[in-house]
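Every chain is numbered from 1, with letters handed out A, B, ... down the list of sequences.
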There are 2 protein chains.
Amino acid sequence: MATAATKDRILDAAETLFASHGFAGTSLRALTREADVNLAAVHYHFGSKEAVLRAVLHRIIDPINAERLARLDAVEARAGGHAPPVEAVLEAFLAPPLERMHTLGARGAVVLRFIGRTHNEPAQLVRDLVREQFQVVAGRFARALGRARPSLPRHEVAWRLHCVVGVLSFLLAQTGAQAVLPGLDPRDAAATTRRLVGFLAPGLRAPMTPGRAAPALAARPRPHRRMGTRR
Amino acid sequence: MATAATKDRILDAAETLFASHGFAGTSLRALTREADVNLAAVHYHFGSKEAVLRAVLHRIIDPINAERLARLDAVEARAGGHAPPVEAVLEAFLAPPLERMHTLGARGAVVLRFIGRTHNEPAQLVRDLVREQFQVVAGRFARALGRARPSLPRHEVAWRLHCVVGVLSFLLAQTGAQAVLPGLDPRDAAATTRRLVGFLAPGLRAPMTPGRAAPALAARPRPHRRMGTRR
DNA sequence: GTCTATAACGGGATAGAC
DNA sequence: GTCTATCCCGTTATAGAC
């Protein structure tokens, strides 16, 4: 069908450009140039720039979140009534986006960057849409992690999961960038996942931070203030 | 002096708007409205929108990075030839931006969000400027962490520091947002720092991830693929 | 469904009076 | 140093022919 091709070309181009320059930084003309499509076609198929964004977001994020939930189901089923270990829950959360790289082929790197960016997009609209789609997933994973670490207050678990999202989105956002991640091969999703789990799981397993911290923690530079007042 | 007031009002407004809507999402007209300044004044004082960005970036980031280095100096001096503990190095890195909140008063929350955003700004220009200013700091902290964990390959240390930046920037970017961080009081910098150190230090202390991971880690849903091909 | 043409407006930048 | 007025271009969106 020739008509579907146009629509998909628009979505592909939008992915690429939004991933690289953000929503506000991408004009519809740049989009039509990249997609080799007429300007009016965009409005015919989607109605507005905002609608294009919504479509792109769903196409990318929905399958990943579905896969996350499916894996969490599997992990919990395997644990059979018990709380699954933190590492398994983490992997169910982290692996789906990382593995997306392969199933998407050439578009993989772009999509990963897109996902990474969305969580910190300046455009309010983008963040709202993402949060909305993400809410269910975050809730289920927070509960799973809470069961794995019952000694932690619920808000602490939620906060730590939030940190996990921060790391993931930051790394994804730089996919394909100039060697910022030495030794990290974005095409080896399994290795990246293991590495991330290895880094994050200890933090999730850590006990509550004590009011008074480790000995060296009190080390502040004595009156040495060089923070600079306004010039 | 009445002339300096205009320039500073422009910088203040730029901070606020760039932090909220990003570089591309902020127009010079919006800027002049916020600053209550004439459009031509912006060009007189700075020359271009890009130059405004550069000025704002330096005003915010330079003192924080200087403070980071000063604290790292202090921490290393205290260790007296030995490698300072991971926790102390982490705190020297994390505390300065978090404490900035206080010294800046009302502008504090805005500035924090700005810092968080810049690391993931869609605009290439912003990321380049930030990377340039950040390079020296990142290098010194990576070396300090490497000395603290001599058994880790250098690129692994760099990668983990990268993850730390990811967490920090993600949290900062949401400063002042709608209760996304339950239980985290952005005005108590010391508590936030402790909490972050408590979460991140275990990951930095962790040994290299083994090729084959922990038992539960192999848990993948068997042919269950629901990742969704393109529709 | 796809095109051209254009509307209606906002963008950054600048000239020149004061 | 600060203003008004204006240039010129790019922006989203739409009308209407094909």
Side-chain angles (χ1 to χ4, degrees), chain A residues 1-57 59 121-129 230-231, chain B residues 1-57 59 117-118 121-129 230-231:
Chain A
M1 51 187 103
T3 77
T6 295
K7 208 168 170 179
D8 278 346
R9 278 213 311 284
I10 294 172
L11 287 176
D12 290 348
E15 241 172 42
T16 306
L17 295 176
F18 288 161
S20 301
H21 312 296
F23 181 70
T26 300
S27 70
L28 284 185
R29 339 281 284 213
L31 188 59
T32 58
R33 239 176 287 129
E34 174 87 14
D36 196 27
V37 166
N38 190 277
L39 177 59
V42 177
H43 283 96
Y44 173 79
H45 285 289
F46 297 94
S48 72
K49 187 185 175 185
E50 209 176 295
V52 174
L53 171 71
R54 254 189 296 270
V56 173
L57 270 176
R59 193 178 69 159
E121 248 281 332
Q124 178 82 36
L125 168 67
V126 178
R127 290 199 308 280
D128 287 350
L129 285 173
R230 302 283 284 287
R231 46 177 170 278
Chain B
M1 50 185 103
T3 78
T6 295
K7 207 169 169 178
D8 279 346
R9 277 213 313 283
I10 294 172
L11 287 176
D12 289 348
E15 242 171 40
T16 306
L17 294 176
F18 289 160
S20 301
H21 312 296
F23 181 70
T26 300
S27 71
L28 283 184
R29 339 284 281 215
L31 187 59
T32 58
R33 238 176 286 128
E34 173 86 16
D36 196 28
V37 167
N38 189 277
L39 176 60
V42 177
H43 283 96
Y44 173 79
H45 285 288
F46 296 94
S48 70
K49 188 184 176 187
E50 209 177 292
V52 174
L53 171 71
R54 254 190 294 271
V56 173
L57 270 176
R59 192 177 71 160
R117 279 282 161 73
T118 49
E121 249 279 334
Q124 176 81 36
L125 169 67
V126 178
R127 290 199 309 280
D128 287 349
L129 286 172
R230 304 280 288 288
R231 47 172 171 278

### Message
Measure NZ/B:Lys49 against P/C:dT14 and give the value in whole Å, please.
### Response
15 Å

### Query
Expressed in angstrom and rounded to an integer, what is the separation of B:His45 atom NE2 from D:dC3 atom C1'?
12 Å

### Task
Kindly point out which of C:dG12, D:dT4, C:dG1 is positioned nearest to the side chain of B:His43?
C:dG12

### Message
So, OP1 or OP2 of D:dG1: does either fall under 4.0 Å of a side-chain N or O from B:Thr6?
### Response
no

### Task
Apply side chain to side chain contact (heavy atoms under 4.5 Å, CB included) to B:Lys49 and B:Phe23, showing your working.
CA-CA 9 Å; B:Lys49 188 184 176 187; B:Phe23 181 70; 3.8 Å; yes

## Note on the structure
Partner of A:Val52 under side chain to side chain contact (heavy atoms under 4.5 Å, CB included), picked from A:Leu57, A:Val42, A:Thr26, is A:Val42

#### Entry: Gap between atom OG1 of A:Thr6 and atom CG of A:Asp36 - 0.5 Å precision
9.5 Å

### Task
Whole angstrom is fine here: how far is it from CD1 in B:Ile10 over to P in C:dA13?
13 Å

### Query
Between A:Tyr44 and C:dT2, does any side-chain N or O lie under 4.0 Å from OP1 or OP2?
no

### Task
Can you spot which of B:Leu28, B:Asp12, B:Val56, B:Leu31 makes a side chain to side chain contact (heavy atoms under 4.5 Å, CB included) with B:Leu17?
B:Leu31

### Task
Let me know, please, whether B:Asn38 or A:Ser48 comes out on the 5' side of the other along DNA chain D by nearest nucleotide.
B:Asn38

#### Entry: B:Leu39 CG - D:dT2 P separation (whole Å)
14 Å

### A:His21 NE2 - D:dT11 P separation (whole Å)
12 Å

### Message
Mind checking if A:Ala41 touches a base, just sugar-phosphate, or nothing, with heavy atoms under 4.0 Å?
### Response
nothing

### Query
Where along residues 25-35 of chain B does a heavy atom come under 4.0 Å from DNA chain C, residue by residue in number order?
B:Thr26, B:Ser27, B:Leu28, B:Arg29

### Task
Answer yes or no on whether A:Lys7 is positioned over the face of A:Tyr44, meaning its NZ or CZ is under 6.0 Å from the six-membered ring centre and within 45° of the axis.
no

### From CD (A:Glu34) to CZ (A:Arg9), nearest 0.5 Å
11.5 Å

